[in-house]
Amino acid sequence: MKTSFPLFSPQLQNPNFGSSVLINCKNRLLSTTLAPPQNPLGVSCITSTAEIAETASSLREICEGHVPEHILRRAEEIGFVVPTDVQRQSLPILLSGRDCILHAQTGSGKTLAYLLLIFSVIHVQKSAVQALIVVPTRELGIQVTKVARTLAANPMELESERKSYTVMALLDGGMLRRHKSWLKAEPPTIVVATMGSLCQMLEKQIFKLEAMRVLVVDEVDFMFNSSKQVYSLRKLLTSYSSINNRQTVFASASIPQHKHFLYDCIQQKWAKSDVVHVHVSPVDPMPSRLHHRFVICSKNERLQVLLSLLRTDAPKSGIIFASEQSEKSKKAGNDPSTSLLINFLTASYSDCSEILLLEEDMNFNLRAASLSELKQGGDCLLVATDIAARGVDLPETTHIYNFDLPRTAVDYLHRAGRAGRKPFSEETCTVTNMITPEERFVLQRFENELMFHCEELSL
Ligand SMILES: Nc1ncnc2c1ncn2[C@@H]1O[C@H](COP(=O)(O)OP(=O)(O)OP(=O)(O)O)[C@@H](O)[C@H]1O
């Protein structure tokens with residue numbers, strides 16, 4: 001169940017707080033809102049950020065002197081050489097120690113931006129948790145952990161040294177008893193956590209915040225809108241606000257009413273008063289290389305329409321999104337859309353080697369297995385609920401099908417953003433919506449809100 005964003009103070013119309021950096025997709029600085037005058041750091045930092053953003057051509061240029069050399073080299077080996085817009089704009093701010101709201105399109109590389117910050121401040125010799133990344137789902141947690149571990153992998157020349165960065169995935173569905181012993185015996189340097197598991201460790205005082213230098217809240221709008229997570233998240237942020245030497249980063253492709261969010265973060269002391277809102281492509285929230293289409297059909301025709309679309313598109317890798325089954329439908333003994341889809345496609349679509357399922361009701365091992373199979377490469381179709389819509393990075397995905405329309409424009413943005421995730425690629429990816437005539441106006445509303453155009457497709 002979702003609640004509304006609980007943070008905002010509606011009386012605030014034009015708040016003069018923090019800093020805002022707006023950048024369009026061609027990487028031009030559109031405008032800046034400078035920090036209040038009592039904070040001179042704010043002004044100078046924004047200026048230097050703009051200068052660096054204009055001139056830096058590599059991640060190395062931005063990060064050298066802050067991020068350890070072996071991490072930079074590892075990043076280059078992986079292929080992270082040229083910064084994406086959000087990295088170019090946010091890293092100088094992050095590396096200067098300021099709190100930051102990373103607000104940039106799906107697939108724009110926010111994860112690497114905050115991970116590079118983390119590697120710049122933590123000390124491998126110190127036996128304490130120094131960075132915590134909070135994520136909304138186990139799937140996203142596994143992914144972020146993997147990127148952090150890949151960057152932290154010990155280089156050959158350091159292999160003989162005993163210590164290296166350690167990254168713990170403290171995620172719902174994991175083995176908490178093992179994590180408890182690990183945290184007690186030799187705390188990892190970085191923890192990636194979901195709220196449920198983290199709270200258990202905090203309550204038992206096995207996980208302590210004292211030595212923490214960086215707290216990242218990924219998919220922050222989702223976390224604040226989740227009735228299951230918001231209470232614990234607020235508590236965590238409030239506890240962290242009393243720590244000296246802290247730095248807080250919030251990230252998402254969608255932060256509704258971001259000015260109020262910024263204001264409330266400062267009011268609650270969840271962020272320092274010179275927090276910077278890095279807003280990349282504010283007038284273009286949807287990645288431009290996504291092509292959006294819709295097909296009008298009745299509910300009964302949808303499976304056949306999907307089959308025909310798949311046969312025409314022949315996607316190398318695609319995700320079919322369906323709604324989660326309602327309680328009413330469960331009680332009536334109906335099959336969920338996801339089961340209908342899996343059964344139908346397995347029986348009638350033989351053009352791809354694997355059809356996988358990812359939904360909340362599955363057990364954690366099956367969920368992990370589905371994702372890791374998908375990560376092996378393309379030629380795969382994933383049938384999923386919105387659990388796969390946030391943060392999950394499957395770069396080979398070229399096609400998204402909304403078998404059921406999402407509930408909100410924000411959900412549409414995140415579902416669509418599972419495709420087109422290669423930052424410097426020109427490849428166009430496709431989002432196709434199967435809608436009834438009555439749903440056309442809902443889709444139109446999403447188009448207006450997110451400023452994209454959806455083309456009608458006749459079969
Ligand atoms: N500098 C870079 N050069 C090349 N590829 C990059 C770079 N930075 C990130 N990537 C790749 O871009 C993809 C998207 O990055 P990431 O998952 O961080 O996006 P995101 O901004 O967090 O998106 P979302 O809002 O959907 O979670 C990943 O596959 C990542 O490996």
Side-chain angles (χ1 to χ4, degrees), residues 19 21 23 26-29 32 41-102 104 107-126 130-131 133 144 146-161 163-167 189-190 212-216 218 245-249 251 272 274-278 280 422-424:
S19 304
V21 182
I23 296 114
K26 294 208 167 54
N27 199 28
R28 291 270 162 262
L29 201 66
T32 61
L41 178 67
V43 178
S44 62
C45 188
I46 294 292
T47 312
S48 72
T49 301
E51 281 163 9
I52 293 167
E54 286 296 319
T55 55
S57 61
S58 67
L59 276 167
R60 174 173 288 279
E61 248 182 280
I62 304 173
C63 298
E64 217 159 29
H66 296 276
V67 177
E69 173 58 27
H70 70 273
I71 301 282
L72 279 181
R73 237 182 294 148
R74 192 78 190 100
E76 287 165 347
E77 279 165 23
I78 298 166
F80 301 151
V81 178
V82 178
T84 62
D85 285 349
V86 69
Q87 291 158 6
R88 194 189 295 276
Q89 302 304 330
S90 65
L91 275 165
I93 297 166
L94 292 168
L95 297 174
S96 77
R98 289 177 72 170
D99 291 346
C100 206
I101 297 177
L102 300 179
S108 58
K110 297 182 284 294
T111 314
L112 183 64
Y114 65 66
L115 285 177
L116 288 173
L117 160 70
I118 288 173
F119 285 114
S120 79
V121 295
I122 58 178
H123 295 290
V124 78
Q125 297 82 1
K126 198 168 172 180
Q130 297 163 64
I133 304 163
V144 172
K146 195 171 166 200
V147 183
R149 283 184 181 154
T150 309
L151 285 169
N154 240 351
M156 296 285 255
E157 64 264 35
L158 293 182
E159 248 169 29
S160 55
E161 289 185 14
K163 282 225 160 201
S164 62
Y165 297 112
T166 42
V167 188
T189 23
I190 304 172
M212 253 180 50
R213 298 288 312 279
V214 182
L215 169 63
V216 177
D218 206 348
N245 223 353
R246 71 192 156 105
Q247 193 172 358
T248 312
V249 180
K272 288 169 276 180
D274 63 348
V275 54
V276 181
H277 174 220
V278 176
V280 182
K422 293 183 181 169
F424 303 105

*Rounded to the nearest 0.5 Å, how far does CD1 of I71 lie from OG1 of T150?*
10.5 Å
*Any chance you could measure Q87, atom CD, to T111, atom OG1, to the nearest 0.5 Å?*
9.0 Å
*Quick one: does I62's side chain get under 4.5 Å of P83's, heavy atoms only?*
yes
*Are any of the side-chain heavy atoms of Q247 and D99 separated by less than 4.5 Å?*
yes
_I need the minimum non-hydrogen distance between L102 and S90, along with the two atoms involved._
CD2-CB, 3.3 Å
*Looking at K110 and A251, what are the two nearest heavy atoms and their distance?*
CD-CB, 4.4 Å
*Check whether any side-chain heavy atom of L115 lies under 4.5 Å from a side-chain heavy atom of I133, and answer yes or no.*
yes
_Would you compute the distance between atom CD of E69 and atom CZ of R60 and round it to the nearest 0.5 angstrom?_
4.0 Å
*Find out whether L59 and L91 are in side-chain contact, i.e. whether some heavy atom of one side chain is under 4.5 Å from a heavy atom of the other.*
yes
_To the nearest 0.5 Å, what is the distance between OG on S164 and NE2 on H70?_
8.5 Å
*Looking at residues at least two apart in the chain, or sitting in another chain, which of them share a side-chain contact (heavy atoms from CB on, under 4.5 Å) with P423?*
T84
*Hey, what do you get for OG (S58) to CG (L72), rounding to the nearest 0.5 Å?*
9.0 Å
*Nearest heavy-atom neighbours spanning C100 and V278*: SG-CG2, 3.7 Å
*State whether the side chain of R246 and the backbone N or O of L215 hold a donor-acceptor pair below 3.5 Å, judged by distance alone.*
no
*Any side-chain heavy-atom pair from I78 and L151 closer than 4.5 angstrom?*
yes
_Using the side chain to side chain contact (heavy atoms under 4.5 Å, CB included) definition, which of the options L94, T248, L117 pairs with V214?_
L117
*CE/M212 to CG/N245 distance, rounded to the nearest 0.5 angstrom?*
12.0 Å
_Shortest non-hydrogen contact between A152 and Y165, atoms and distance_ = CB-CB, 3.8 Å
*For R74, what residues pass the salt bridge (charged side-chain N to carboxylate O under 4.0 Å, His left out) criterion, not counting sequence neighbours?*
E77
*Is F119 close to I190 at the side-chain level, that is, under 4.5 Å between some pair of heavy atoms?*
yes
*Nearest heavy atoms of T189 and H123, plus distance in Å*: CG2-O, 3.9 Å
*V86 and S108: which non-hydrogen atoms are nearest, and at how many Å?*
CG1-O, 3.3 Å
